[in-house]
Number of protein chains: 2
Amino acid sequence: MSVVDAAASVFCREGYAGANIDLIAAEAGVSRQTVYNHHGDKENLFVAVVRDLTERCNAGIFATIASFPDQPTDLEADLIAFAVRMNRNCICNRDGRFLRKLIQAEGERYPELFAEWREQGPGRTWSALAARFARLAFAGHLSIGDPDVAARQFLALVNAELQITFMLGGMPTEEEVLCSATNGVRTFLSAFARKKSPAGKQAALAHA
Amino acid sequence: MSVVDAAASVFCREGYAGANIDLIAAEAGVSRQTVYNHHGDKENLFVAVVRDLTERCNAGIFATIASFPDQPTDLEADLIAFAVRMNRNCICNRDGRFLRKLIQAEGERYPELFAEWREQGPGRTWSALAARFARLAFAGHLSIGDPDVAARQFLALVNAELQITFMLGGMPTEEEVLCSATNGVRTFLSAFARKKSPAGKQAALAHA
DNA sequence: GACGAATTGGACAAGCCTGTCTAAATTTGT
DNA sequence: ACAAATTTAGACAGGCTTGTCCAATTCGTC
């Protein structure tokens, strides 16, 4: 295991203040001196960890969004499969859980570091996802007022049943992921399936 | 400010390991010795903080659930108002944000302490809310498959737009709360408004 | 005003952690 | 095989924190 990977694990488990360089070195299988040679000091190492996690998470998210079902054959099944991929490969995996925890725990202490993440991560993710939903709506598969709102609500719905597990840092089972995705997508489609009623009713409030 | 309140603030800001008893004492306006006289040691103080937050949060949540619109006059407006109360008084307020952060940061280190919270907090909250939705469905206002799923999805939807703010420990504005609640309730009602189609389509997967 | 209880400030030991230094050992490139 | 670069183990100083002790002071109550 690389030094940065070990550091990510220890920072997440113990928090920044509680993380011990000796422990990181031991977990990485190197001497403490090597950690200092490579990364200078603790804060530097922490920044390297966050950058590494951010980069890998963003890559995973965009790879997954690329698999969005633009020409669905079975809309419900395709969206469920997409939601499961999203959860499995981006939200529930090691990098996703670690990054979330670091942001929650230390976000206020490093505003500029996480502002970067915020713009390139969720901001771009939601835009990209919203664009896909807009395309589905344009093709007549959905009836959507505001694609940005729909994208956020899609993610909220397919994760609705996993919140508690995430809160305690746990890893949901494959079955829980499937269950949450299925229930979420069904509700999403109940709300946004193509209707003949005017789209005005679904108009959303502008987002600040 | 009481010692426990000051400790909650410092534990949340700095994490358990980074929290400094001197700082807690200063923020509470007492001497360090008084902190030790009252609470013994750091871990004891931490447990007292979590118990205090858990208790107050649960009280707030149940008080708010008691205001659920059982006989709505305008279902959408009443649910939006309820969602805003829920967010304002339980999720976004000081206690709610602090407790969430402590659970996320230290939940794994104190499994039994937070298991208690888990059973009495979210577990009972969701049951109580699910019962209210079931009553609305029984009275013909909604068409719901599984009330537990609906309750979780309701909460997920009305918070969908606030996730990022929560992640970074921020406090959403009144306008953001209203916006998220409005968009969430509208989508919720689009999905669960009374329909004439058979309820079977909304049947949800069993929850593990 | 007087007495008991609580609070205060400060000193203090013990432990832990960071970050540096050094000399020896090991790996790497040629 | 040799030389350069890297890694290692350990010692070490400096700083910070926890938790205790104690004498002086303040507070609440009668």
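Side-chain atoms are counted along with the backbone in the values below, which use heavy atoms only and exclude waters and symmetry mates. Every chain is numbered from 1 and lettered A, B, ... according to where its sequence line falls, protein lines coming before strand lines.
Side-chain atoms of A:Thr54 and A:Glu116 include no donor-acceptor pair closer than 3.5 Å.
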Could you go step by step and tell me if B:Gln33 and B:Asn37 meet the side-chain hydrogen bond (donor to acceptor under 3.5 Å, both in side chains) rule? CA-CA 6 Å; B:Gln33 190 58 46; B:Asn37 287 343; 3.3 Å; yes

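Side-chain atoms of A:Met86 and A:Phe154, non-hydrogen and from C-beta on, never get closer than 4.5 Å to each other. The closest side-chain heavy-atom distance from A:Thr73 to A:Asp78 is below 4.5 Å. Contact check for B:Val4 versus B:His39: side-chain heavy atoms found under the 4.5 Å cut-off. Residues A:Ile103 and A:Val50 form no side-chain contact, since every pair of their non-hydrogen atoms from C-beta on lies 4.5 Å or further apart. For the pair B:Glu176 and B:Glu161, the minimum side-chain heavy-atom distance is 4.5 Å or more. Proximity of A:Leu79 to A:Val158: side-chain heavy atoms (C-beta onward) are nowhere separated by under 4.5 Å.
Both tests pass for B:Lys42 against the ring of B:Tyr16: distance under 6.0 Å to the centre and angle within 45° of the axis.
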Show each protein N/O and nucleotides 23-28 of chain C N/O combination with a separation under 3.5 Å, one pair to a line.
none

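Where DNA chain D meets chain A (any atom under 4.0 Å from a heavy atom), the bounding nucleotides read 5' to 3' are D:dT7 to D:dA11.
Distance CG (B:Asn37) to P (C:dT8): 9 Å, rounded to an integer number of Å.
For B:Arg32, counting side-chain heavy atoms from C-beta on, the closest listed nucleotide (C:dT7, C:dC12, C:dC21) is C:dC12.
No side-chain donor-acceptor contact under 3.5 Å links A:Asp52 to the backbone of A:Ala48.
Contacts between residues 39-50 of chain A and DNA chain C, defined by a heavy-atom separation under 4.0 Å, are made by A:Asp41, A:Lys42. Using a 4.0 Å cutoff on non-hydrogen atoms, the parts of residues 14-27 of chain B near DNA chain D are B:Ala19, B:Asn20, B:Ile21, ordered by number.
If you find the closest nucleotide of DNA chain C to B:Gly29 and to A:Tyr36, the one lying nearer the 5' end belongs to B:Gly29.
Residues satisfying the side chain to side chain contact (heavy atoms under 4.5 Å, CB included) criterion with A:Glu174, sequence neighbours excluded, are A:Val84, A:Arg88.
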I'd like a table of donor-acceptor pairs (distance under 3.5 Å, sequence neighbours excluded) in which one partner is a side-chain atom from residues 57-72 of chain A, with atom names and distances.
from	atom 1	to	atom 2	distance (Å)
A:Thr64	OG1	A:Gly60	O	2.9
A:Ser67	OG	A:Thr64	O	2.6
A:Ser67	OG	A:Arg85	NE	2.9
A:Ser67	OG	A:Arg85	NH2	3.2
A:Asp70	OD1	A:Arg132	NH1	3.3
A:Asp70	OD2	A:Arg132	NH1	2.5

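Note on ring orientation: taking the six-membered ring where Trp is involved, the planes of A:Phe133 and A:Phe188 are tilted (angle from 30° to 60°).
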